[in-house]
Protein chains: 2
Amino acid sequence: MDQLICPRFEKAISIMNKRWTTLIIYQLLEGSQRFCEIESSIGVSGRVLSERLKDLEKEGIVIRSVYDETPVRIEYSLTNKGESLKPALDQIQKWAETGLKQVSNSP
Amino acid sequence: MDQLICPRFEKAISIMNKRWTTLIIYQLLEGSQRFCEIESSIGVSGRVLSERLKDLEKEGIVIRSVYDETPVRIEYSLTNKGESLKPALDQIQKWAETGLKQVSNSP
DNA sequence: TAATTAACTTACTTTATGTAAGCAAGTATA
DNA sequence: TATACTTGCTTACATAAAGTAAGTTAATTA
């Protein structure tokens with residue numbers, strides 16, 4: 001009697017629901033960033049950030065670009081698929097600014 | 001050099017990002033449900049469901065209603081604050097149906 | 001009377017995350 | 001030239017969160 005929920009929604013949630021994922025994408029919506037920039041801006045540990053970026057690359061949401069300068073520069077940015085999450089994150093932001101404030105415990 | 005991210009967004013994410021929370025809310029958007037209904041529809045363990053429902057009550061997102069019948073019936077439903085998350089979840093659903101399919105690794 | 005259900009809780013195991021140190025390659029500083 | 005520092009990681013270990021399974025209470029059905 002399991003799995004009555006929409007499997008695509010579940011898949012979307014399984015991606016977004018991993019700790020830090022949404023904040024990483026939110027940061028990258030501002031433009032491409034380097035590893036240490038993401039790390040310090042959202043406060044995620046390097047260990048987990050490294051893991052998440054790999055996951056997001058596999059999902060086709062993030063791309064890792066290596067610029068062959070000296071020293072080498074590595075930047076992470078969103079693919080189209082990644083950018084297409086913007087409306088969803090915008091709505092969460094909207095809720096953060098309005099709905100979140102509500103105190104009403106009325107049904 | 002931490003915390004450059006919008007604190008309200010972070011708060012919203014800290015609620016939604018906990019495992020199962022979004023799926024619980026998604027289920028309750030369909031109407032009020034009993035403990036075991038939520039449990040079996042999304043596949044969360046009772047231990048964690050119990051924990052999450054308490055958290056969501058504290059956040060003013062969910063209400064627990066006790067109907068004094070025999071046997072007693074307990075139902076969980078969304079408050080206005082909880083319902084106000086619908087647009088955000090709708091956008092995630094939209095992404096699940098369109099953006100998620102994209103395979104393009106183009107920037 | 002025995003078995004079953006709802007709504008949990010408790011004890012224990014497994015998985016995820018955090019912390020801190022280490023590493024390679026290059027840069028800047030004394 | 002030696003020392004320290006930076007970036008982008010990885011590794012090893014500690015702690016927190018989630019899963020699993022059994023137990024509890026009160027009432028119900030077979």
Side-chain angles (χ1 to χ4, degrees), chain A residues 1-5 10-11 13-28 31-59 61-78, chain B residues 1-5 10-11 13-28 31-59 61-78:
Chain A
M1 233 158 256
D2 284 17
Q3 308 304 97
L4 303 174
I5 218 163
E10 240 186 327
K11 166 70 178 173
I13 289 300
S14 79
I15 295 172
M16 297 184 62
N17 221 18
K18 290 199 126 183
R19 204 160 178 179
W20 301 111
T21 300
T22 315
L23 289 178
I24 292 167
I25 294 168
Y26 182 82
Q27 273 296 294
L28 293 181
S32 63
Q33 295 200 355
R34 306 183 66 165
F35 191 92
C36 65
E37 288 177 313
I38 305 172
E39 197 177 4
S40 65
S41 63
I42 66 177
V44 61
S45 71
R47 202 192 66 73
V48 173
L49 179 55
S50 168
E51 206 175 292
R52 286 296 176 279
L53 288 171
K54 277 175 196 159
D55 293 348
L56 289 170
E57 257 194 290
K58 271 181 204 150
E59 294 288 350
I61 289 169
V62 161
I63 338 172
R64 181 180 190 268
S65 310
V66 180
Y67 297 97
D68 203 6
E69 307 164 355
T70 50
V72 71
R73 182 168 48 96
I74 295 166
E75 293 205 337
Y76 294 91
S77 50
L78 295 175
Chain B
M1 232 159 259
D2 283 18
Q3 308 305 96
L4 304 172
I5 221 162
E10 241 184 326
K11 167 70 178 173
I13 289 300
S14 80
I15 295 171
M16 298 184 61
N17 220 17
K18 289 199 128 183
R19 205 158 176 179
W20 301 112
T21 300
T22 315
L23 289 177
I24 292 167
I25 294 168
Y26 182 81
Q27 274 296 295
L28 294 181
S32 63
Q33 296 199 355
R34 308 183 66 165
F35 191 92
C36 66
E37 288 177 310
I38 305 173
E39 197 177 2
S40 64
S41 63
I42 66 178
V44 63
S45 70
R47 202 192 64 74
V48 172
L49 179 55
S50 167
E51 205 174 293
R52 286 296 176 280
L53 288 170
K54 276 175 195 159
D55 293 347
L56 289 170
E57 256 194 292
K58 271 182 204 152
E59 293 289 348
I61 289 171
V62 160
I63 337 174
R64 179 181 192 268
S65 310
V66 180
Y67 298 96
D68 204 6
E69 308 164 353
T70 50
V72 69
R73 182 166 50 95
I74 295 167
E75 293 204 335
Y76 294 91
S77 49
L78 295 175

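Quick note: numbers below take in every heavy atom, side chains included, and nothing from hydrogens, waters or symmetry partners. Letters go in sequence order (proteins before strands), and every chain restarts at 1.
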Subject >> Candidate nucleotides D:dT7, D:dA18, C:dA7, ranked by approach to the side chain of B:V48 - the nearest >> reply: D:dA18

Original post:
Yes or no on side chain to side chain contact (heavy atoms under 4.5 Å, CB included) for B:I61 and B:I15, after CA distance, side-chain angles and deciding distance?
Top reply: CA-CA 10 Å; B:I61 289 171; B:I15 295 171; 4.0 Å; yes

Subject >> Taking every non-hydrogen atom, the tightest pair across B:I42 and B:W20 >> reply: O-CZ3, 3.2 Å

**OP:** Supply the atom-to-atom distance B:S50 OG to B:I38 CD1, rounded to the nearest 0.5 angstrom.
**Re:** 11.0 Å

Original post:
5'-most contact on DNA chain C: A:V72 or A:S45, nearest heavy atom basis?
Top reply: A:S45

Subject >> Residue whose closest nucleotide on DNA chain D lies nearer the 5' end, A:R47 versus A:I74 >> reply: A:I74

Subject >> Which residues share a salt bridge (charged side-chain N to carboxylate O under 4.0 Å, His left out) with B:R47, sequence neighbours left out >> reply: B:E51

Original post:
Whole Å only: how far is the CG atom of B:D68 from the P atom of D:dA27?
Top reply: 10 Å

Original post:
Quick one: is D:dA18 close enough that its OP1 or OP2 comes under 4.0 Å of any side-chain N or O from B:R52?
Top reply: yes

Original post:
Given D:dT10, is OP1 or OP2 found less than 4.0 Å from the side-chain N or O atoms of A:K54?
Top reply: yes

**OP:** Using a 4.0 Å heavy-atom cut-off across all strands, classify A:T70 as base, sugar-phosphate, or nothing.
**Re:** sugar-phosphate

Original post:
B:W20 side chain N/O closer than 4.0 Å to the phosphate oxygens (OP1, OP2) of D:dA17?
Top reply: no

**OP:** Can you tell me the distance, in whole Å, between the CD atom of B:E37 and the P atom of C:dT5?
**Re:** 15 Å

Subject >> Interatomic distance where OH belongs to B:Y67 and C1' belongs to C:dA6 [whole Å] >> reply: 16 Å

Subject >> Interatomic distance, A:E51 CD vs D:dC9 P [rounded to whole Å] >> reply: 14 Å

Original post:
Any donor-acceptor pair under 3.5 Å joining the side chain of B:R19 to the base of D:dA18?
Top reply: no

**OP:** Specify the separation, in whole Å, of atom CZ of A:R73 and atom P of C:dG26.
**Re:** 16 Å

Original post:
Between D:dG19 atom P and B:E39 atom CD, what is the distance in whole Å?
Top reply: 12 Å

Subject >> Nucleotide of C:dG18, D:dT20, C:dA7 approaching B:F35 most closely (side-chain heavy atoms) >> reply: C:dA7

Original post:
Is there a side-chain polar atom (N or O) of B:S50 under 4.0 Å from OP1 or OP2 of C:dT9?
Top reply: yes

Subject >> Interatomic distance where CD belongs to B:E69 and C1' belongs to C:dA7 [whole Å] >> reply: 15 Å

Original post:
OP1, OP2 of D:dG8 versus side-chain N and O of A:R34: anything below 4.0 Å?
Top reply: yes

Subject >> Between D:dT7 (P) and A:L53 (CG): distance, integer Å >> reply: 16 Å

**OP:** Measure the CD-CD distance between B:Q27 and B:Q33 for me, rounded to the nearest 0.5 Å.
**Re:** 4.5 Å

